[in-house]
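For reference, the structure is listed below as C-alpha coordinates.
In what follows, chains are A, B, ... by sequence order, proteins preceding strands, each numbered from 1. Being a predicted model, the structure only gives us computed values, none of them experimental.
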Protein chains: 2
Amino acid sequence: MRRVPAQIAARLPAAAELFADRGLEDTKVEDIASATGVPKATLYYYFAGKEEILAFLFQDALQQMADEVTMAVQAPDSAATRLTAVVQAQLRVMADQPAVCRALVGNLGRAGRIPEIATAITEAYYTPVQHLLEEGVRDGSLRATEDPVTTAMVLFGAVTMSALSYLATDRPLSPESLSPSILTVVLDGLLPPDSAPQES
Amino acid sequence: MRRVPAQIAARLPAAAELFADRGLEDTKVEDIASATGVPKATLYYYFAGKEEILAFLFQDALQQMADEVTMAVQAPDSAATRLTAVVQAQLRVMADQPAVCRALVGNLGRAGRIPEIATAITEAYYTPVQHLLEEGVRDGSLRATEDPVTTAMVLFGAVTMSALSYLATDRPLSPESLSPSILTVVLDGLLPPDSAPQES
DNA sequence: CACGGAGTTAGACTGTTAGTCTAGACTCAC
DNA sequence: GTGAGTCTAGACTAACAGTCTAACTCCGTG
(Lines give C-alpha, C1' and ligand atoms only; values in the text may rest on other atoms or scores of the structure.)
Protein backbone atom coordinates (compact mmCIF):
# COMPACT_ATOMS: atom_id res chain seq x y z
CA MET A 1 0.00 0.00 0.00
CA ARG A 2 1.44 3.36 -1.18
CA ARG A 3 1.46 6.32 1.18
CA VAL A 4 -2.10 7.64 1.01
CA PRO A 5 -2.34 11.45 0.56
CA ALA A 6 -4.50 13.24 3.12
CA GLN A 7 -6.83 14.45 0.40
CA ILE A 8 -7.77 10.90 -0.46
CA ALA A 9 -7.80 9.61 3.11
CA ALA A 10 -10.29 12.33 3.94
CA ARG A 11 -12.75 10.94 1.42
CA LEU A 12 -12.62 7.32 2.54
CA PRO A 13 -15.22 7.60 5.29
CA ALA A 14 -17.78 7.62 2.49
CA ALA A 15 -16.55 4.13 1.64
CA ALA A 16 -16.97 3.06 5.26
CA GLU A 17 -20.60 4.11 5.04
CA LEU A 18 -21.04 1.86 2.01
CA PHE A 19 -19.29 -1.07 3.66
CA ALA A 20 -21.42 -0.64 6.77
CA ASP A 21 -24.71 -0.43 4.90
CA ARG A 22 -24.32 -3.10 2.21
CA GLY A 23 -21.31 -5.05 3.36
CA LEU A 24 -17.94 -5.22 1.68
CA GLU A 25 -19.09 -7.93 -0.70
CA ASP A 26 -21.97 -6.00 -2.17
CA THR A 27 -19.93 -2.85 -2.56
CA LYS A 28 -18.34 -2.66 -5.99
CA VAL A 29 -15.08 -0.81 -6.42
CA GLU A 30 -16.99 1.39 -8.85
CA ASP A 31 -19.43 2.28 -6.06
CA ILE A 32 -16.56 3.35 -3.84
CA ALA A 33 -15.24 5.43 -6.69
CA SER A 34 -18.48 7.32 -7.18
CA ALA A 35 -19.21 7.67 -3.45
CA THR A 36 -15.78 9.07 -2.66
CA GLY A 37 -15.17 10.89 -5.93
CA VAL A 38 -11.85 9.06 -6.25
CA PRO A 39 -11.68 7.30 -9.64
CA LYS A 40 -11.40 3.55 -9.70
CA ALA A 41 -7.95 3.57 -11.32
CA THR A 42 -6.70 5.89 -8.60
CA LEU A 43 -8.09 3.65 -5.88
CA TYR A 44 -6.14 0.77 -7.39
CA TYR A 45 -3.11 3.03 -7.61
CA TYR A 46 -3.11 3.42 -3.82
CA PHE A 47 -4.79 0.25 -2.59
CA ALA A 48 -4.55 -3.36 -3.68
CA GLY A 49 -8.34 -3.61 -3.46
CA LYS A 50 -11.32 -2.80 -1.30
CA GLU A 51 -10.08 -4.93 1.59
CA GLU A 52 -7.04 -2.73 1.79
CA ILE A 53 -9.28 0.31 2.00
CA LEU A 54 -11.07 -1.30 4.92
CA ALA A 55 -7.72 -2.16 6.48
CA PHE A 56 -6.66 1.46 6.16
CA LEU A 57 -9.85 2.63 7.85
CA PHE A 58 -9.33 0.09 10.62
CA GLN A 59 -5.72 1.01 11.29
CA ASP A 60 -6.66 4.65 11.37
CA ALA A 61 -9.42 4.10 13.91
CA LEU A 62 -7.26 1.80 16.01
CA GLN A 63 -4.49 4.38 16.02
CA GLN A 64 -6.93 6.96 17.31
CA MET A 65 -7.95 4.60 20.07
CA ALA A 66 -4.35 3.84 20.94
CA ASP A 67 -3.64 7.57 21.19
CA GLU A 68 -6.64 8.28 23.38
CA VAL A 69 -5.92 5.28 25.59
CA THR A 70 -2.31 6.31 26.00
CA MET A 71 -3.40 9.79 26.92
CA ALA A 72 -5.92 8.53 29.46
CA VAL A 73 -3.39 6.18 31.02
CA GLN A 74 -0.81 8.93 31.47
CA ALA A 75 -3.05 11.34 33.36
CA PRO A 76 -1.93 12.26 36.89
CA ASP A 77 -4.89 10.59 38.62
CA SER A 78 -5.44 7.38 40.53
CA ALA A 79 -5.46 4.22 38.42
CA ALA A 80 -9.17 3.75 39.05
CA THR A 81 -9.93 7.21 37.72
CA ARG A 82 -7.71 6.65 34.72
CA LEU A 83 -9.47 3.38 34.04
CA THR A 84 -12.81 5.13 33.74
CA ALA A 85 -11.08 7.56 31.37
CA VAL A 86 -9.92 4.63 29.25
CA VAL A 87 -13.45 3.28 28.98
CA GLN A 88 -14.76 6.70 28.04
CA ALA A 89 -11.98 7.15 25.51
CA GLN A 90 -12.91 3.94 23.73
CA LEU A 91 -16.57 4.90 23.67
CA ARG A 92 -15.68 8.30 22.27
CA VAL A 93 -13.61 6.87 19.44
CA MET A 94 -16.36 4.41 18.55
CA ALA A 95 -19.07 7.06 18.72
CA ASP A 96 -16.91 9.17 16.45
CA GLN A 97 -16.70 6.57 13.71
CA PRO A 98 -19.95 4.64 13.73
CA ALA A 99 -19.65 3.66 10.08
CA VAL A 100 -16.17 2.24 10.46
CA CYS A 101 -17.29 0.26 13.50
CA ARG A 102 -20.29 -1.15 11.71
CA ALA A 103 -18.18 -1.96 8.67
CA LEU A 104 -15.72 -3.80 10.87
CA VAL A 105 -18.19 -5.96 12.79
CA GLY A 106 -19.49 -7.30 9.54
CA ASN A 107 -16.22 -7.71 7.71
CA LEU A 108 -13.44 -7.90 10.26
CA GLY A 109 -11.79 -10.82 8.53
CA ARG A 110 -11.21 -8.74 5.42
CA ALA A 111 -9.46 -5.92 7.23
CA GLY A 112 -6.53 -8.26 7.83
CA ARG A 113 -5.61 -11.66 9.20
CA ILE A 114 -7.38 -12.23 12.50
CA PRO A 115 -4.22 -13.09 14.48
CA GLU A 116 -2.59 -9.87 13.28
CA ILE A 117 -5.66 -7.87 14.20
CA ALA A 118 -5.53 -9.49 17.63
CA THR A 119 -1.90 -8.43 17.97
CA ALA A 120 -2.73 -4.87 16.97
CA ILE A 121 -5.47 -4.68 19.60
CA THR A 122 -3.11 -6.12 22.18
CA GLU A 123 -0.61 -3.37 21.54
CA ALA A 124 -3.17 -0.60 21.38
CA TYR A 125 -5.27 -1.66 24.35
CA TYR A 126 -4.49 -4.80 26.33
CA THR A 127 -0.89 -3.99 27.16
CA PRO A 128 -1.43 -0.41 28.37
CA VAL A 129 -4.56 -1.38 30.29
CA GLN A 130 -2.78 -4.31 31.86
CA HIS A 131 -0.05 -1.98 33.13
CA LEU A 132 -2.71 0.38 34.41
CA LEU A 133 -4.34 -2.45 36.34
CA GLU A 134 -1.02 -3.32 37.92
CA GLU A 135 -0.44 0.28 38.90
CA GLY A 136 -3.90 0.29 40.44
CA VAL A 137 -2.91 -2.55 42.72
CA ARG A 138 0.18 -0.59 43.75
CA ASP A 139 -1.61 2.70 44.41
CA GLY A 140 -4.42 0.85 46.15
CA SER A 141 -7.20 2.15 43.94
CA LEU A 142 -7.85 -1.23 42.29
CA ARG A 143 -8.16 -4.78 43.49
CA ALA A 144 -5.61 -7.38 42.34
CA THR A 145 -6.88 -9.90 39.79
CA GLU A 146 -5.19 -13.19 39.12
CA ASP A 147 -4.96 -12.51 35.41
CA PRO A 148 -4.68 -8.85 34.35
CA VAL A 149 -4.61 -9.68 30.63
CA THR A 150 -7.95 -11.43 30.85
CA THR A 151 -9.26 -8.54 32.89
CA ALA A 152 -8.23 -6.19 30.12
CA MET A 153 -10.06 -8.38 27.59
CA VAL A 154 -13.15 -8.36 29.76
CA LEU A 155 -13.08 -4.57 29.82
CA PHE A 156 -12.52 -4.25 26.11
CA GLY A 157 -15.26 -6.75 25.35
CA ALA A 158 -17.72 -5.13 27.71
CA VAL A 159 -17.25 -1.71 26.15
CA THR A 160 -17.07 -2.94 22.56
CA MET A 161 -20.15 -5.12 22.73
CA SER A 162 -22.38 -2.60 24.42
CA ALA A 163 -21.30 0.11 22.01
CA LEU A 164 -21.85 -2.17 19.03
CA SER A 165 -25.31 -3.08 20.23
CA TYR A 166 -26.24 0.54 19.77
CA LEU A 167 -24.49 0.98 16.43
CA ALA A 168 -25.84 -2.30 15.07
CA THR A 169 -29.40 -1.09 15.50
CA ASP A 170 -28.59 2.42 14.31
CA ARG A 171 -29.27 4.01 17.66
CA PRO A 172 -26.99 6.93 18.47
CA LEU A 173 -24.18 6.06 20.83
CA SER A 174 -23.79 8.47 23.71
CA PRO A 175 -20.59 7.85 25.67
CA GLU A 176 -21.83 9.95 28.59
CA SER A 177 -24.95 7.91 29.18
CA LEU A 178 -23.44 4.51 28.39
CA SER A 179 -20.20 4.66 30.38
CA PRO A 180 -21.74 4.75 33.88
CA SER A 181 -23.76 1.61 33.15
CA ILE A 182 -20.62 -0.21 32.06
CA LEU A 183 -18.39 1.15 34.78
CA THR A 184 -20.70 0.27 37.65
CA VAL A 185 -20.51 -3.37 36.61
CA VAL A 186 -16.77 -3.66 36.14
CA LEU A 187 -15.81 -1.42 39.06
CA ASP A 188 -18.42 -2.24 41.69
CA GLY A 189 -19.40 -5.70 40.49
CA LEU A 190 -22.84 -7.22 40.47
CA LEU A 191 -22.77 -8.76 43.93
CA PRO A 192 -24.43 -6.78 46.72
CA PRO A 193 -22.02 -4.59 48.75
CA ASP A 194 -22.13 -6.67 51.95
CA SER A 195 -21.32 -10.05 50.42
CA ALA A 196 -17.74 -11.27 50.69
CA PRO A 197 -15.77 -11.35 47.42
CA GLN A 198 -15.92 -14.86 46.02
CA GLU A 199 -12.74 -16.84 45.59
CA SER A 200 -13.46 -19.21 42.70
CA MET B 1 -33.39 -22.41 2.52
CA ARG B 2 -34.79 -25.95 2.24
CA ARG B 3 -34.93 -28.15 5.32
CA VAL B 4 -31.38 -29.48 5.64
CA PRO B 5 -31.15 -33.26 6.23
CA ALA B 6 -29.12 -34.27 9.29
CA GLN B 7 -26.69 -36.20 7.12
CA ILE B 8 -25.68 -33.02 5.35
CA ALA B 9 -25.80 -30.80 8.43
CA ALA B 10 -23.37 -33.17 10.08
CA ARG B 11 -20.78 -32.52 7.37
CA LEU B 12 -20.92 -28.74 7.47
CA PRO B 13 -18.44 -28.24 10.30
CA ALA B 14 -15.77 -29.02 7.74
CA ALA B 15 -16.94 -25.92 5.90
CA ALA B 16 -16.67 -23.88 9.11
CA GLU B 17 -13.05 -24.92 9.32
CA LEU B 18 -12.46 -23.60 5.82
CA PHE B 19 -14.27 -20.34 6.51
CA ALA B 20 -12.27 -19.87 9.70
CA ASP B 21 -8.92 -20.58 8.11
CA ARG B 22 -9.15 -18.77 4.78
CA GLY B 23 -12.20 -16.59 5.20
CA LEU B 24 -15.49 -16.90 3.38
CA GLU B 25 -14.21 -14.94 0.41
CA ASP B 26 -11.28 -17.19 -0.33
CA THR B 27 -13.33 -20.34 0.07
CA LYS B 28 -14.78 -21.48 -3.26
CA VAL B 29 -18.01 -23.39 -3.27
CA GLU B 30 -16.01 -26.16 -4.93
CA ASP B 31 -13.71 -26.22 -1.90
CA ILE B 32 -16.68 -26.65 0.41
CA ALA B 33 -17.89 -29.47 -1.81
CA SER B 34 -14.65 -31.38 -1.63
CA ALA B 35 -14.09 -30.70 2.09
CA THR B 36 -17.57 -31.84 3.09
CA GLY B 37 -18.04 -34.48 0.44
CA VAL B 38 -21.33 -32.85 -0.53
CA PRO B 39 -21.33 -32.09 -4.27
CA LYS B 40 -21.59 -28.49 -5.39
CA ALA B 41 -24.97 -28.98 -7.07
CA THR B 42 -26.34 -30.46 -3.86
CA LEU B 43 -25.06 -27.55 -1.83
CA TYR B 44 -26.92 -25.22 -4.17
CA TYR B 45 -29.95 -27.44 -3.88
CA TYR B 46 -30.12 -26.75 -0.14
CA PHE B 47 -28.47 -23.38 0.23
CA ALA B 48 -28.63 -20.22 -1.83
CA GLY B 49 -24.86 -19.93 -1.51
CA LYS B 50 -21.99 -20.09 0.90
CA GLU B 51 -23.32 -17.25 3.04
CA GLU B 52 -26.39 -19.31 3.72
CA ILE B 53 -24.18 -22.17 4.86
CA LEU B 54 -22.51 -19.81 7.30
CA ALA B 55 -25.93 -18.56 8.41
CA PHE B 56 -26.99 -22.14 9.06
CA LEU B 57 -23.89 -22.77 11.15
CA PHE B 58 -24.50 -19.55 13.07
CA GLN B 59 -28.14 -20.28 13.81
CA ASP B 60 -27.24 -23.75 14.95
CA ALA B 61 -24.59 -22.49 17.36
CA LEU B 62 -26.83 -19.71 18.64
CA GLN B 63 -29.61 -22.20 19.25
CA GLN B 64 -27.25 -24.29 21.32
CA MET B 65 -26.34 -21.27 23.35
CA ALA B 66 -29.97 -20.30 23.81
CA ASP B 67 -30.71 -23.81 25.08
CA GLU B 68 -27.81 -23.84 27.50
CA VAL B 69 -28.62 -20.37 28.75
CA THR B 70 -32.26 -21.25 29.27
CA MET B 71 -31.23 -24.33 31.18
CA ALA B 72 -28.82 -22.37 33.37
CA VAL B 73 -31.38 -19.69 34.09
CA GLN B 74 -34.00 -22.22 35.18
CA ALA B 75 -31.86 -23.99 37.78
CA PRO B 76 -33.14 -23.89 41.37
CA ASP B 77 -30.26 -21.77 42.69
CA SER B 78 -29.76 -18.15 43.64
CA ALA B 79 -29.64 -15.71 40.73
CA ALA B 80 -25.95 -15.06 41.38
CA THR B 81 -25.16 -18.76 41.11
CA ARG B 82 -27.24 -19.08 37.98
CA LEU B 83 -25.42 -16.12 36.47
CA THR B 84 -22.10 -17.88 36.85
CA ALA B 85 -23.72 -20.88 35.17
CA VAL B 86 -24.78 -18.69 32.24
CA VAL B 87 -21.22 -17.45 31.78
CA GLN B 88 -19.90 -20.97 31.90
CA ALA B 89 -22.55 -22.14 29.47
CA GLN B 90 -21.54 -19.56 26.90
CA LEU B 91 -17.89 -20.47 27.27
CA ARG B 92 -18.73 -24.13 26.86
CA VAL B 93 -20.68 -23.57 23.64
CA MET B 94 -17.87 -21.45 22.21
CA ALA B 95 -15.20 -23.92 23.24
CA ASP B 96 -17.27 -26.60 21.56
CA GLN B 97 -17.33 -24.88 18.20
CA PRO B 98 -14.08 -23.01 17.80
CA ALA B 99 -14.20 -23.09 14.01
CA VAL B 100 -17.69 -21.63 13.82
CA CYS B 101 -16.70 -18.88 16.24
CA ARG B 102 -13.61 -18.01 14.27
CA ALA B 103 -15.57 -18.09 11.03
CA LEU B 104 -18.12 -15.71 12.51
CA VAL B 105 -15.72 -13.09 13.86
CA GLY B 106 -14.25 -12.71 10.44
CA ASN B 107 -17.45 -12.86 8.42
CA LEU B 108 -20.33 -11.96 10.68
CA GLY B 109 -21.89 -9.65 8.13
CA ARG B 110 -22.35 -12.51 5.72
CA ALA B 111 -24.21 -14.74 8.16
CA GLY B 112 -27.14 -12.34 7.93
CA ARG B 113 -28.08 -8.71 8.27
CA ILE B 114 -26.45 -7.22 11.35
CA PRO B 115 -29.70 -5.86 12.87
CA GLU B 116 -31.29 -9.30 12.55
CA ILE B 117 -28.27 -10.93 14.13
CA ALA B 118 -28.55 -8.42 16.96
CA THR B 119 -32.19 -9.36 17.43
CA ALA B 120 -31.36 -13.05 17.50
CA ILE B 121 -28.73 -12.49 20.19
CA THR B 122 -31.19 -10.39 22.17
CA GLU B 123 -33.68 -13.23 22.20
CA ALA B 124 -31.14 -15.91 22.95
CA TYR B 125 -29.16 -14.05 25.57
CA TYR B 126 -30.00 -10.48 26.56
CA THR B 127 -33.64 -11.05 27.44
CA PRO B 128 -33.20 -14.14 29.64
CA VAL B 129 -30.14 -12.65 31.35
CA GLN B 130 -31.96 -9.40 31.93
CA HIS B 131 -34.76 -11.30 33.70
CA LEU B 132 -32.17 -13.18 35.70
CA LEU B 133 -30.61 -9.91 36.81
CA GLU B 134 -33.99 -8.65 37.94
CA GLU B 135 -34.63 -11.83 39.87
CA GLY B 136 -31.25 -11.38 41.50
CA VAL B 137 -32.32 -8.02 42.84
CA ARG B 138 -35.46 -9.62 44.24
CA ASP B 139 -33.74 -12.58 45.87
CA GLY B 140 -30.99 -10.30 47.15
CA SER B 141 -28.11 -12.16 45.52
CA LEU B 142 -27.37 -9.38 43.01
CA ARG B 143 -27.10 -5.64 43.18
CA ALA B 144 -29.57 -3.49 41.24
CA THR B 145 -28.16 -1.79 38.15
CA GLU B 146 -29.83 1.19 36.50
CA ASP B 147 -29.91 -0.52 33.12
CA PRO B 148 -30.13 -4.34 33.13
CA VAL B 149 -30.05 -4.60 29.33
CA THR B 150 -26.71 -2.84 29.18
CA THR B 151 -25.50 -5.01 32.02
CA ALA B 152 -26.44 -8.06 29.97
CA MET B 153 -24.48 -6.68 27.01
CA VAL B 154 -21.49 -6.06 29.24
CA LEU B 155 -21.59 -9.68 30.36
CA PHE B 156 -21.97 -11.04 26.86
CA GLY B 157 -19.20 -8.83 25.55
CA ALA B 158 -16.86 -9.70 28.39
CA VAL B 159 -17.27 -13.42 27.82
CA THR B 160 -17.30 -13.26 24.03
CA MET B 161 -14.21 -11.10 23.72
CA SER B 162 -12.08 -13.02 26.15
CA ALA B 163 -13.07 -16.31 24.55
CA LEU B 164 -12.37 -14.97 21.07
CA SER B 165 -8.97 -13.72 22.12
CA TYR B 166 -8.03 -17.32 22.74
CA LEU B 167 -9.63 -18.69 19.59
CA ALA B 168 -8.19 -15.92 17.42
CA THR B 169 -4.68 -16.93 18.32
CA ASP B 170 -5.43 -20.64 18.12
CA ARG B 171 -4.92 -21.22 21.80
CA PRO B 172 -7.24 -23.81 23.32
CA LEU B 173 -10.18 -22.34 25.20
CA SER B 174 -10.71 -23.84 28.63
CA PRO B 175 -13.99 -22.71 30.21
CA GLU B 176 -12.89 -23.89 33.64
CA SER B 177 -9.79 -21.74 33.78
CA LEU B 178 -11.23 -18.72 32.01
CA SER B 179 -14.55 -18.33 33.80
CA PRO B 180 -13.18 -17.41 37.26
CA SER B 181 -11.10 -14.60 35.77
CA ILE B 182 -14.16 -13.17 34.07
CA LEU B 183 -16.52 -13.72 36.97
CA THR B 184 -14.35 -12.06 39.55
CA VAL B 185 -14.46 -8.86 37.54
CA VAL B 186 -18.17 -8.73 36.84
CA LEU B 187 -19.28 -10.06 40.21
CA ASP B 188 -16.79 -8.53 42.63
CA GLY B 189 -15.72 -5.53 40.56
CA LEU B 190 -12.28 -4.05 40.26
CA LEU B 191 -12.49 -1.59 43.14
CA PRO B 192 -10.97 -2.69 46.44
CA PRO B 193 -13.48 -4.25 48.89
CA ASP B 194 -13.52 -1.37 51.37
CA SER B 195 -14.22 1.46 48.92
CA ALA B 196 -17.79 2.70 48.68
CA PRO B 197 -19.64 1.81 45.48
CA GLN B 198 -19.38 4.79 43.13
CA GLU B 199 -22.55 6.55 42.05
CA SER B 200 -21.67 8.04 38.64
C1' DC C 1 -44.97 -53.69 -11.39
C1' DA C 2 -45.67 -49.06 -13.62
C1' DC C 3 -45.86 -44.35 -12.05
C1' DG C 4 -44.79 -39.96 -10.15
C1' DG C 5 -42.55 -37.16 -7.07
C1' DA C 6 -38.71 -35.82 -4.30
C1' DG C 7 -33.92 -35.97 -3.58
C1' DT C 8 -29.49 -35.93 -5.74
C1' DT C 9 -25.82 -35.17 -9.00
C1' DA C 10 -22.74 -34.03 -13.27
C1' DG C 11 -21.60 -30.85 -16.40
C1' DA C 12 -22.16 -27.05 -19.31
C1' DC C 13 -23.13 -22.37 -19.49
C1' DT C 14 -23.61 -17.11 -18.32
C1' DG C 15 -22.86 -12.77 -16.17
C1' DT C 16 -20.54 -10.02 -13.01
C1' DT C 17 -16.70 -7.89 -11.36
C1' DA C 18 -12.11 -7.74 -9.39
C1' DG C 19 -8.01 -6.67 -10.86
C1' DT C 20 -4.49 -5.65 -14.79
C1' DC C 21 -2.53 -3.13 -18.34
C1' DT C 22 -1.60 0.68 -21.50
C1' DA C 23 -1.03 4.97 -22.64
C1' DG C 24 -1.69 9.57 -22.11
C1' DA C 25 -2.22 14.00 -19.24
C1' DC C 26 -0.70 16.90 -15.86
C1' DT C 27 2.35 18.24 -12.38
C1' DC C 28 6.83 19.83 -10.37
C1' DA C 29 11.95 20.07 -9.74
C1' DC C 30 16.10 20.93 -11.70
C1' DG D 1 12.75 20.91 -21.61
C1' DT D 2 13.59 16.64 -19.61
C1' DG D 3 12.45 13.19 -16.55
C1' DA D 4 10.22 11.26 -12.53
C1' DG D 5 6.21 10.80 -10.00
C1' DT D 6 1.12 11.29 -9.80
C1' DC D 7 -3.27 10.55 -11.64
C1' DT D 8 -6.87 8.89 -14.78
C1' DA D 9 -9.73 6.74 -18.76
C1' DG D 10 -10.79 2.79 -20.98
C1' DA D 11 -10.12 -1.69 -22.66
C1' DC D 12 -9.25 -6.25 -21.43
C1' DT D 13 -8.99 -11.03 -18.87
C1' DA D 14 -9.66 -14.47 -15.69
C1' DA D 15 -12.08 -16.34 -11.99
C1' DC D 16 -15.99 -17.70 -9.85
C1' DA D 17 -20.85 -17.50 -8.27
C1' DG D 18 -24.81 -18.97 -9.48
C1' DT D 19 -28.18 -21.12 -13.08
C1' DC D 20 -29.96 -24.59 -15.82
C1' DT D 21 -30.74 -29.05 -17.81
C1' DA D 22 -31.09 -33.55 -17.83
C1' DA D 23 -30.33 -37.76 -15.91
C1' DC D 24 -30.46 -41.26 -12.20
C1' DT D 25 -31.92 -43.14 -7.72
C1' DC D 26 -35.11 -44.07 -4.34
C1' DC D 27 -39.20 -43.99 -2.41
C1' DG D 28 -44.43 -44.94 -1.65
C1' DT D 29 -48.93 -45.76 -4.06
C1' DG D 30 -52.32 -47.63 -6.88
Note: Y166(A) and P172(A) closest approach over all heavy atoms is CD2-O, 3.7 Å

I'd like to know whether V137(A) forms a side chain to side chain contact (heavy atoms under 4.5 Å, CB included) with R143(A), so could you lay out the CA-CA distance, the side-chain angles of the two residues, the decisive distance to 0.1 Å, and finally the verdict. CA-CA 6 Å; V137(A) 175; R143(A) 201 167 53 79; over 6 Å; no

Spacing of L54(B) atom CG relative to dA17(D) atom C1', expressed in whole Å: 16 Å

Residue pair Q130(B) / P148(B): nearest heavy atoms and the distance that separates them: CG-CB, 3.8 Å

May I have the step-by-step check of side-chain hydrogen bond (donor to acceptor under 3.5 Å, both in side chains) for S141(A) and E135(A), ending in yes or no? CA-CA 9 Å; S141(A) 66; E135(A) 281 180 57; over 6 Å; no

Take the protein atom CD of Q7(B) and the nucleotide atom C1' of dG7(C), then report the distance between them rounded to whole Å. 12 Å

Could you list the residues that satisfy side chain to side chain contact (heavy atoms under 4.5 Å, CB included) with T42(B), not counting sequence neighbours? I8(B), V38(B), P39(B), Y46(B)

Name every donor-acceptor pair, under 3.5 Å, that has one atom in a side chain of residues 102-118 of chain B and the other anywhere in the protein, sequence neighbours excluded.
residue: R102(B); atom: NH1; partner: D21(B); partner atom: OD1; Å: 3.4
residue: R102(B); atom: NH2; partner: D21(B); partner atom: OD1; Å: 3.3
residue: N107(B); atom: OD1; partner: L24(B); partner atom: N; Å: 3.4
residue: N107(B); atom: ND2; partner: A103(B); partner atom: O; Å: 2.9
residue: R110(B); atom: NE; partner: E51(B); partner atom: OE1; Å: 3.0
residue: R110(B); atom: NH1; partner: E25(B); partner atom: OE1; Å: 2.9
residue: R110(B); atom: NH2; partner: E51(B); partner atom: OE1; Å: 2.8

Taking only N/O atoms, report every protein-nucleotides 22-24 of chain D pair under 3.5 Å with atom names and distance.
none

Rounded to whole Å, the OH-P distance (Y45(B) to dT25(D)) equals 17 Å

Identify, with sequence neighbours excluded, every residue that meets side chain to side chain contact (heavy atoms under 4.5 Å, CB included) alongside D77(B). A75(B), T81(B), R82(B)

If I take atom CG from residue L57(B) and atom CD1 from residue I53(B), how far apart are they, to the nearest 0.5 angstrom? 8.5 Å

Rounded to the nearest angstrom, tell me the gap between atom NZ in K50(B) and atom C1' in dA17(D). 8 Å

So, with a heavy-atom separation below 4.0 Å from DNA chain D, the residues of residues 11-44 of chain B are T27(B), K28(B), V29(B), K40(B), Y44(B)

If we only count heavy atoms from C-beta on, is the D60(B) to V100(B) side-chain gap below 4.5 Å? no

Calculate, to the nearest 0.5 Å, the distance between atoms CG and NZ belonging to D31(B) and K50(B) respectively. 8.5 Å

Could I get a table of every N or O pair under 3.5 Å where one atom is in the protein and the other is in nucleotides 26-29 of chain C?
none

